[in-house]
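These notes are about the structure you will find just below.
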Amino acid sequence: MEGDNQNINGAGPSTNGLLQDQRKLLPIARGRDALVREIQENDVTILLGETGSGKTTQIPQYLLESGASGSGIIAVTQPRRVAATSLAVRVAAEQNDKLGKRVGYSVRFDERSSPETRIKYLTDGMIVRELLSDPLLSQYSVIIVDEAHERTLRTDLLISNLKMIQGKRNHRSTGSKEKEKEKFNPLKIVIMSATLDAEKFSMFYQNAKIIYVKGRQHPVKVYHSLESQTDYVESAMRTFFQIHTDQTPGDVLIFLPGQEDIESLEKSIRLFANQLPHDVMDVLICSMYAAQAPGQNSKVFLPSPARTRKCILATNIAETSITIPGVKYVIDTGMCKEKRYLARNTGGGFDTLLTRAITKSSAMQRAGRAGREGMGLCFRLYTEDAFDTMDLSPEPEILRCSLTSSILQLKCLNQDLEDLDLMDMPDTESISSALKTLWLLDAIDQNKELTPLGRQMALFPLEPVHARAVIASREQGCTSEVLDIISVLSASSKLFVDVAEHREAASEARRMFRHASGDHLTILNVIRAYSDISTTGGKAARREWCRKHFLNEKTLSEASEIRSQLRQACGRMRIDWNVSCGDGEGQLLKSLAYGLAQNSAFLQPDGSYKQTMGHSVIKIHPGSVLCDKKVPAIIYDELIYTNQIYARGVSSVQKSTFTAIGALNRRSS
DNA sequence: GAGCACTGC
């Protein structure tokens with residue numbers, strides 16, 4: 001679990017002696033020779049390592065230093081970019097080498113490697129992309145899949161492909177075996193996982209050997225509720241004040257499912273904290289969730305003022321992505337929100353975002369957050385029986401995601417998802433729904449064969465629906481605008497930030513961007529205004545402008561990186577990204593409709609919207625500029641079910657648009 | 001009338 005190290009500091013060569021001493025003290029160091037031998041002797045090794053064991057930083061170095069990795073590169077895959085880059089920084093320092101020389105990384109938008117690079121940290125998405133150009137991943141002699149227990153969609157596809165690649169590279173049966181091995185450059189696979197689930201990986205790889213590595217985590221004493229709690233927010237509040245009045249100083253981290261609960265708990269803790277007697281410490285409340293304005297959550301990392309106990313209210317963001325220093329107490333409500341895709345054979349399916357019980361491994365991970373710096377306490381707001389009935393670990397992503405993008409990528413590798421040897425096979429409805437979407441996008445034909453258009457779509461680092469819109473924009477003469485919009489849509493965070501205290505002011509500030517046709521052109525207005533600011537003002541002016549308009553600057557800068565990546569991709573496909581339609585919004589919406597034809601709905605006489613290619617009645621999400629508006633036809637980016645089915649990212653289009661692009665001809669098939 | 005977390009040639 002070294003992947004969550006955000007606080008790793010790259011150290012210069014002068015401190016290398018110290019680093020070498022630290023390396024030797026890691027729990028894993030004692031087993032060094034045995035570990036290298038096991039990996040050398042087996043095709044596949046499953047490594048179970050607890051938090052703080054040092055496995056992710058040390059194993060690659062052991063393999064390199066012992067010569068076990070031969071002449072190839074050691075790849076270490078990570079689900080997250082920050083992890084890949086910060087691990088590379090750390091290991092380069094330990095190797096007393098400049099980053100990008102023998103130790104490098106490769107993530108989207110950023111690569112630090114050279115022909116000398118022998119250890120490369122990369123995101124799992126990146127190596128799956130590498131498969132497209134090098135199906136045998138031939139430059140790597142060892143591939144270490146870290147955080148495999150997270151079972152991201154890309155990790156699962158990688159694990160499946162590695163099994164196949166190893167079969168091809170290690171076991172050529174013709175001719176002298178030794179010679180063939182030389183020639184085909186055998187591959188070692190190491191699967192790293194936190195506890196639990198190891199047997200499943202082992203079984204997948206013909207009972208590969210499982211090796212356990214001890215971690216270095218301070219003990220955390222866990223308490224369960226004696227009876228089940230009906231209201232976890234209220235129960236969290238009572239538990240917090242119990243800790244606050246009874247326990248020694250130390251910050252408290254409370255895990256909650258979402259923003260709504262965080263805001264309500266914050267209110268009630270604030271109310272009670274004001275009534276505390278004067279001899280009790282002060283309470284400083286910090287909240288943390290992804291949609292929050294950046295900067296808002298940075299106070300979490302500052303040390304607590306004197307006589308003050310910090311109380312951090314967080315979503316799952318504090319479970320894996322961010323490590324908060326100073327936490328001694330964890331309160332775990334046992335709940336989280338889970339996004340799950342419901343495949344439908346009509347209308348393209350939709351996402352649900354519902355609150356549910358967490359899993360055992362998540363509960364352990366949350367408790368572990370109390371033991372980062374010393375002994376800690378974890379208070380679970382659920383009974384021990386409830387813990388026992390929890391699932392072992394979250395369901396793998398491949399079973400709860402849309403498969404459209406993956407199936408298209410696999411088609412480019414001449415692979416069909418249903419023929420792969422996968423740890424978990426998605427159900428047929430999920431596969432057929434993705435195939436139908438690809439067919440509606442013209443990415444595959446009626447025989448499920450990849451079309452030239454589909455091959456082109458796969459070259460974009462985009463969802464197929466967005467790639468389709470970009471390609472359509474060529475004929476419509478509005479590629480510049482479509483790229484502006486799509487780059488924001490595919491950025492990882494929301495454009496409009498949320499500041500609980502200034503909700504009114506925020507919607508007021510955004511009013512100036514509103515476009516009558518809907519959210520897509522509203523985004524374009526923001527981008528145009530932002531680029532005006534960028535040309536006239538500097539960095540500080542941009543930041544201030546974003547703050548004033550409640551816009552997420554991170555989203556805007558990520559979008560501009562994505563946009564330049566997309567422009568490059570367009571260039572390679574001879575699509576002129578500079579072609580603009582000016583204010584011709586008709587062409588723009590038509591391009592988007594090519595991609596979003598399946599995501600469309602018509603107004604019903606009763607004022608509701610009904611899918612054109614499905615049977616669901618949907619509502620426009622309250623966050624949309626078209627909410628409460630009645631227009632004859634809409635297209636939308638996604639459907640999300642919370643308590644109703646909401647369409648998010650909505651634009652109004654002419655009904656005739658669908659006939660013009662021939663989208664409705666196929667809906668009955 | 002409402003927004004778990006990640007990620008990409």
Side-chain angles (χ1 to χ4, degrees), chain A residues 3-4 77-84 106-111 122-134 147 150-155 157 255-263 288-292 314-322 333 335-340 351-356 358 362 365 394 397 400-401 405-406 408-409 412 455-464 466-467 487 490-498 500 503 507 552 558 561-562 565-566 568-573 619-624 627-628 638 640-644 646-649:
Chain A
D4 51 43
T77 73
Q78 294 291 322
R80 279 169 291 281
R81 294 200 297 162
V82 272
S106 173
V107 300
R108 190 183 191 185
F109 309 129
D110 198 5
E111 162 139 31
L122 26 69
T123 47
D124 49 15
M126 209 64 189
I127 203 163
V128 169
R129 275 291 178 180
E130 278 187 23
L131 274 173
L132 291 178
S133 54
D134 179 11
E147 313 282 10
E150 289 191 23
R151 300 291 306 278
T152 70
L153 180 52
R154 290 165 298 276
T155 298
L157 293 177
F255 283 103
L256 291 140
Q259 186 181 341
E260 199 184 340
D261 289 328
I262 287 177
E263 281 168 11
M288 279 189 76
Y289 46 90
Q292 199 175 40
T315 60
N316 260 356
I317 195 169
E319 194 181 297
T320 46
S321 327
I322 290 173
T333 59
M335 305 300 276
C336 66
K337 284 200 190 187
E338 185 191 62
K339 200 168 182 177
R340 175 179 287 271
D351 283 316
T352 63
L353 185 57
L354 301 172
T355 304
R356 56 160 288 171
I358 59 169
S362 177
Q365 181 75 23
E397 227 175 54
R400 51 186 178 90
C401 269
S405 191
S406 302
L408 181 63
Q409 276 189 21
C412 293
R455 192 171 292 278
Q456 207 172 30
M457 283 163 58
L459 293 174
F460 286 100
L462 291 173
E463 290 296 329
H466 292 150
S487 58
S490 71
S492 54
S493 25
K494 296 265 171 290
L495 179 56
F496 298 109
V497 294
D498 196 276
R503 219 149 268 173
S507 63
N552 191 344
E558 191 188 335
E561 284 191 293
I562 294 173
Q565 203 182 21
L566 296 177
Q568 281 173 34
C570 282
R572 278 192 295 272
M573 279 167 252
K619 287 194 77 167
I620 296 179
H621 194 277
S624 166
C627 183
D628 298 329
E638 59 174 355
I640 187 127
Y641 176 84
T642 48
N643 43 53
Q644 303 187 67
Y646 290 108
R648 280 207 294 216

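Convention: sequence-line order gives letters A, B, ...; per-chain numbering from 1.
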Strictly by modelled atom types, are Q259(A) and T315(A) linked by a side-chain donor-acceptor pair under 3.5 Å?
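No - no donor-acceptor pair under 3.5 Å links their side chains.
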Decide whether D124(A) and T77(A) meet the rule of one side-chain donor and one side-chain acceptor closer than 3.5 Å.
no
For [X] and [N], give me the distance from atom [atom1] to atom [atom2], rounded to whole Å.
{"X": "Q644(A)", "N": "dG1(B)", "atom1": "CD", "atom2": "C1'", "result": "9 Å"}
{"X": "K339(A)", "N": "dC6(B)", "atom1": "NZ", "atom2": "P", "result": "12 Å"}
{"X": "E463(A)", "N": "dG8(B)", "atom1": "CD", "atom2": "C1'", "result": "9 Å"}
{"X": "I640(A)", "N": "dA2(B)", "atom1": "CD1", "atom2": "P", "result": "13 Å"}
{"X": "R340(A)", "N": "dA5(B)", "atom1": "CZ", "atom2": "P", "result": "18 Å"}
{"X": "R154(A)", "N": "dT7(B)", "atom1": "CZ", "atom2": "P", "result": "9 Å"}
{"X": "Y289(A)", "N": "dG3(B)", "atom1": "OH", "atom2": "C1'", "result": "10 Å"}
{"X": "L408(A)", "N": "dG8(B)", "atom1": "CG", "atom2": "P", "result": "18 Å"}

Among [options], the nucleotide that comes nearest once only the side chain of [X] is considered:
{"X": "K337(A)", "options": "dA5(B), dC4(B), dA2(B)", "answer": "dC4(B)"}
{"X": "L353(A)", "options": "dG3(B), dG8(B), dC6(B)", "answer": "dG3(B)"}
{"X": "E397(A)", "options": "dT7(B), dA5(B), dA2(B)", "answer": "dA5(B)"}

Does [X] have a side-chain nitrogen or oxygen under 4.0 Å from the phosphate oxygens OP1 or OP2 of [N]?
{"X": "T123(A)", "N": "dG8(B)", "value": "yes"}
{"X": "R648(A)", "N": "dA2(B)", "value": "no"}
{"X": "T152(A)", "N": "dT7(B)", "value": "no"}
{"X": "Y646(A)", "N": "dG1(B)", "value": "no"}
{"X": "T642(A)", "N": "dG3(B)", "value": "yes"}

So what does [X] touch, heavy atoms closer than 4.0 Å: a base, only the sugar-phosphate, or nothing?
{"X": "L153(A)", "value": "nothing"}
{"X": "N643(A)", "value": "sugar-phosphate"}
{"X": "R81(A)", "value": "sugar-phosphate"}
{"X": "Q565(A)", "value": "sugar-phosphate"}

Who passes salt bridge (Lys or Arg N to Asp or Glu O under 4.0 Å) against E338(A), sequence neighbours left out?
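With neighbours one apart ignored, the set is R340(A), R356(A).
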How would you list, by chain and number, every residue that makes a salt bridge (Lys or Arg N to Asp or Glu O under 4.0 Å) with R108(A), sequence neighbours excluded?
none
Does this structure show an ion pair linking E397(A) with K339(A), if we count only N-O contacts that are shorter than 4.0 Å?
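Salt bridge absent between E397(A) and K339(A).
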5'-most contact on DNA chain B: L459(A) or S624(A), nearest heavy atom basis?
S624(A)
